[in-house]
Amino acid sequence: MSVLVFADSTEGKFKKTAFEVVSYGKKVAEQLGVNLVVLTINATDASELYTYGAERVLTVSNEGLSTFNAKEYAAVITQAANKENATVVVIDSSINSLYLSPLVAVSLEAGYASNTVAAPSSTNPFTVKRKAFSNKAFSNTVISTEKKVIGVAKNSFGIHENSVAGSLESFDAEVVASGVKSEKVERVTGTVTIADADIVVSAGRGLKGPENWGMIEELAAVLGAATACSKPVSDLGWRPHGEHVGQTGKPVASNLYIAIGISGAIQHLAGINASKVKVVINTDPEAPFFKAADYGVVGDAFEVVPKLIEKLKAFKAA
Ligand code: FAD
């Protein structure tokens, strides 16, 4: 028996979520008293995962899997899980995984718990804590199937170093063609995407108009952050729809979320609750966002943001 972790990579490189799922899998393997096996697909340097406790790493190198396809990736993970007699399969909670993990669960006849935020509180019965109701609540979920698929929520368990002398094994998986193939993926370059960002600078209707986004972009550039916005801002066409965060937009699980001129409506907060530290800049001290914030500045964005940029630039220069 084993715990199998799928450590996803993009263009060969691991994101932090890969280190988090390996850390999580290590913990579950210890709790169950079984081995941890990590699966990678087309990763450039899979040995990076040794730092997080990956003793055995299965590496799949296959040109046919160079772009993500949920059905094809699910087939590879299923083959690895069956080969390693895995009773628990751990996957991250990226947008891709929302398609991938249920397919793996179906093919393994496993129970699937998405949005898991902590190691099992009990392994018999197997009980995990999950986010519920758009991150406003938690649920304790018992998985009673023999095999289990766990989706770990980003920034929930954390990255834990646990260096081991690991080994790489080439895994010759059969690629099951799905009939759908992305021929070319063109990535937006030069900007940080919301999904990958550690820091997100987000602005709302308080900015008055699209012509005022220069200072938001400048603040984001200084911090190496992604830019985001509230729903009305993208509905008005001030910013692209891809930047809209919230219940009906993208979820944000960054380490730092800076909300500028955003009131903090429940539908907005639903999408950003998973962020660790929230900073609000708003002229209205009664704005609901202040109740959800860790730090707040009651002030005019047009005065506060330029000063913040100036201070950050001076700090970086020093
Ligand atoms: P406003 O509510 O107009 O707030 C602007 C804020 O800026 C105010 O707090 C004001 O005090 C402040 N301000 C004004 N001037 C300044 C200044 N100079 N400096 C600093 N602060 C200033 N919204 C989302 O964002 N995401 C969603 O996913 C989403 N989904 C929704 C789904 C449904 C079904 C519904 C009904 C609504 C949804 N909404 C969503 C809309 C949500 O209810 C709010 O209307 C919206 O979030 C408000 O956007 P805002 O804060 O930018 O604008």
Side-chain angles (χ1 to χ4, degrees), residues 93-98 114-115 131-137 153-155 191-223 225-313:
S93 284
S94 66
I95 304 282
N96 284 349
S97 303
L98 297 180
S114 60
N115 274 326
K131 290 194 276 193
F133 297 118
S134 301
N135 304 336
K136 302 281 302 172
K154 188 180 165 193
N155 278 342
T191 51
V192 186
T193 64
I194 293 172
D196 298 337
D198 274 340
I199 304 175
V200 173
V201 176
S202 189
R205 213 153 36 178
L207 265 280
K208 321 284 187 223
E211 66 280 7
N212 295 324
W213 247 262
M215 63 179 183
I216 302 300
E217 285 173 345
E218 194 178 355
L219 178 58
V222 173
L223 290 167
T227 49
C229 67
S230 63
K231 182 173 184 297
V233 163
S234 64
D235 286 349
L236 286 162
W238 295 359
R239 297 298 290 175
H241 277 286
E243 286 197 2
H244 153 205
V245 298
Q247 185 184 324
T248 48
K250 285 201 175 123
V252 177
S254 55
N255 284 322
L256 176 61
Y257 184 78
I258 305 177
I260 303 165
I262 300 178
S263 56
I266 192 163
Q267 297 90 355
H268 187 86
L269 297 179
I272 61 101
N273 272 335
S275 290
K276 272 194 184 154
V277 177
K278 298 165 206 98
V279 178
V280 175
I281 301 170
N282 198 306
T283 43
D284 177 7
E286 301 299 322
F289 220 136
F290 283 111
K291 290 204 175 81
D294 299 281
Y295 300 95
V297 179
V298 178
D300 186 335
F302 297 96
E303 289 173 18
V304 177
V305 175
K307 281 186 187 154
L308 189 55
I309 293 168
E310 198 185 303
K311 289 276 176 202
L312 283 166
K313 279 185 176 169

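Heads up: numbering here begins at 1 and tracks the sequence. Counting convention: from 1, in listed order, for ligands and their atoms alike. Note that the structure is a prediction, hence the values are computed from the model and not measured.
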*asked:* As a quick check of understanding, evaluate side-chain contact (heavy atoms from CB on, under 4.5 Å) for L308 and L219, giving each step before the final call.
replied: CA-CA 8 Å; L308 189 55; L219 178 58; 4.2 Å; yes
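- For CG of L98, the number of neighbouring non-hydrogen atoms (other residues, nucleotides, ligands) closer than 6.0 Å is greater than 12.
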Listing, residues 291-306 side-chain donor-acceptor contacts under 3.5 Å, not counting sequence neighbours, or none:
| unit_1 | atom_1 | unit_2 | atom_2 | d |
| --- | --- | --- | --- | --- |
| D294 | OD2 | K278 | N | 2.7 |
| D300 | OD1 | F302 | N | 2.8 |

So what's ligand 1 close to, N/O to N/O, under 3.5 Å?
| unit_1 | atom_1 | unit_2 | atom_2 | d |
| --- | --- | --- | --- | --- |
| ligand 1 | 2 (O) | S263 | OG | 3.0 |
| ligand 1 | 3 (O) | R205 | NE | 2.9 |
| ligand 1 | 3 (O) | R205 | NH2 | 3.1 |
| ligand 1 | 7 (O) | G261 | O | 3.1 |
| ligand 1 | 9 (O) | N282 | ND2 | 2.9 |
| ligand 1 | 11 (O) | N282 | OD1 | 2.7 |
| ligand 1 | 15 (N) | K208 | NZ | 2.9 |
| ligand 1 | 18 (N) | D300 | OD1 | 3.0 |
| ligand 1 | 19 (N) | A301 | N | 2.9 |
| ligand 1 | 21 (N) | T283 | N | 3.3 |
| ligand 1 | 25 (O) | K231 | N | 3.0 |
| ligand 1 | 25 (O) | H268 | ND1 | 2.8 |
| ligand 1 | 26 (N) | V245 | O | 2.9 |
| ligand 1 | 28 (O) | H244 | NE2 | 3.0 |
| ligand 1 | 28 (O) | Q247 | N | 3.0 |
| ligand 1 | 28 (O) | T248 | N | 2.9 |
| ligand 1 | 28 (O) | T248 | OG1 | 2.8 |
| ligand 1 | 30 (N) | T248 | OG1 | 2.7 |
| ligand 1 | 43 (O) | Q267 | OE1 | 2.8 |
| ligand 1 | 51 (O) | S263 | N | 2.7 |
| ligand 1 | 51 (O) | S263 | OG | 3.0 |
| ligand 1 | 52 (O) | R205 | N | 2.8 |
| ligand 1 | 52 (O) | S230 | OG | 2.6 |

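- Atom CG of L312 sits in a crowded spot, with more than 12 heavy atoms from other residues, nucleotides or ligands closer than 6.0 Å.
- For T227 and E243, the side-chain atoms include at least one donor-acceptor pair closer than 3.5 Å.
- Between L236 and R205 the shortest side-chain heavy-atom distance falls below 4.5 Å.
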